[in-house]
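Predicted model only: the values in this text are computed from it and were never measured.
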Amino acid sequence: MTEKTMTEKTVKSEAEWKQQLTPEQFHVAREAGTERAFTGMYWKTKDPGMYHCVCCGEPLFDSTTKFDSGTGWPSFYRPAEQGKVVEHKDSTYGMVRTEVRCAKCDAHLGHVFEDGPAPTGLRYCMNSAALDLKKRTISSGLIAEGAENGRRER
């Protein structure tokens with residue numbers, strides 16, 4: 001399931017990432033941590049918009065592909081565009097899973113499983129702490145997007 005991309009990589013030092021991100025965002029995105037189920041800010045969000053990488057701002061998942069998986073993490077049946085995420089074998093914790101990372105900055109996002117809904121049959125089970133929802137609102141016939149997750153100023 002690994003996808004190749006021609007995206008220019010975002011590379012920062014550990015100190016730069018720690019300055020930009022909250023401690024939870026750093027733990028999840030840069031140390032491949034996992035937030036507890038049913039605790040992240042997006043697990044039950046139904047707002048329309050685009051979910052971006054909390055580290056580099058790359059658009060990753062559209063809310064139109066989000067579904068309630070019952071797992072307590074935001075779940076999507078496909079990325080916004082091919083090549084936005086990369087997948088790697090993850091054999092931590094005595095199990096084999098497929099890890100999902102941002103193709104642009106290598107942030108850990110979560111895992112993908114083959115038990116999702118049609119049309120893909122996939123469940124991209126993501127950590128809210130690794131995502132930043134930019135909501136779509138209709139105002140005067142225009143669509144505006146605004147950031148939501150508490151990313152530190154750059």
Q: Please confirm whether the backbone N or O of V54 pairs with a side-chain atom of Q25, one donor and one acceptor, at under 3.5 Å?
A: no

Q | Evaluation steps, side chain to side chain contact (heavy atoms under 4.5 Å, CB included), between C102 and L60 | A | CA-CA 8 Å; C102 174; L60 301 174; 4.3 Å; yes

**Q.** Side-chain heavy-atom pair C55, L21 within 4.5 angstrom cut-off
**A.** yes

Q: Could you tell me which non-hydrogen atom of G33 sits nearest to which non-hydrogen atom of N127, and how far apart they are?
A: O-ND2, 3.8 Å

Q. Does E58 come within less than 4.0 Å of K84, counting only side-chain N to carboxylate O?
A. yes

Q: May I ask you to decide whether R136 forms a salt bridge with D62, counting only side-chain N to carboxylate O separations under 4.0 Å?
A: yes

Q. Would you call E99 and R101 a salt bridge, using N to O less than 4.0 angstrom?
A. yes

Q | Single-linkage hydrophobic cluster Y51~V112, side-chain heavy atoms < 4.5 angstrom | A | yes

Q: Locate the shortest heavy-atom distance separating E35 from S128; write the atom from each residue and the value.
A: OE2-N, 2.5 Å

(Q) How close do W73 and M126 get, counting heavy atoms only, and between which atoms? (A) CB-O, 3.4 Å

Q: Consider only side-chain heavy atoms of I, L, V, M, F, W and Y, link residues closer than 4.5 Å, and tell whether Y77 and V86 are in one cluster.
A: no

Q.
Run the ring pair (Phe, Tyr, Trp, His ring centres under 6.0 Å) test against H111 and tell me which residues pass, sequence neighbours left out.
A. H108

**Q.** Test log, rule side chain to side chain contact (heavy atoms under 4.5 Å, CB included), inputs T98 and K89
**A.** CA-CA 5 Å; T98 303; K89 180 180 175 182; over 6 Å; no

Q.
Check whether D90 reaches the backbone of T92 with its side chain - one donor and one acceptor, N or O, closer than 3.5 Å.
A. yes

Q) Looking only at heavy atoms, what is the nearest atom pair of S75 and T71, with distance? A) OG-OG1, 3.9 Å

Q.
With a 6.0 Å cut-off (strictly less than), is the heavy-atom count around CZ of F38, excluding the residue itself, greater than 12?
A. yes

Q: Would you check if C105 and R30 make a side-chain contact, meaning some heavy-atom pair closer than 4.5 Å?
A: yes

Q: Mind checking side chain to side chain donor-acceptor pair (under 3.5 Å) for S13 and listing every partner two or more places apart, or none if nothing turns up?
A: E16

Q. Do Y124 and F61 have ring centroids that are under 6.0 Å from one another?
A. yes

Q) Shortest non-hydrogen contact from R78 to T120? A) NH1-CG2, 4.0 Å

Q: Return yes if some donor-acceptor pair links the side-chain N/O of K12 with the main-chain N/O of K18 below 3.5 Å, else return no.
A: no

Q.
For the aromatic rings, using the six-membered ring if either is Trp, is the centroid distance between F67 and F76 under 6.0 Å?
A. no

(Q) Rounded to the nearest 0.5 Å, what separates atom CG in D68 from atom NZ in K46? (A) 5.5 Å

Q | From K135, K66, K134, residue fulfilling side-chain hydrogen bond (donor to acceptor under 3.5 Å, both in side chains) relative to D47 | A | K135

Q: With side chain to side chain contact (heavy atoms under 4.5 Å, CB included) as the test, would you mind laying out the steps for F113 and L122 before giving the verdict?
A: CA-CA 6 Å; F113 302 94; L122 299 174; over 6 Å; no

**Q.** Single-linkage hydrophobic cluster, 4.5 Å side-chain cutoff, M41 and V28 together
**A.** no

Q) Which heavy atom in P48 sits nearest to a heavy atom in S63, and how many Å separate them? A) CA-OG, 3.3 Å

Q: Run the numbers on L133 and M50 for side chain to side chain contact (heavy atoms under 4.5 Å, CB included), then give the verdict.
A: CA-CA 6 Å; L133 173 61; M50 182 67 71; 5.8 Å; no

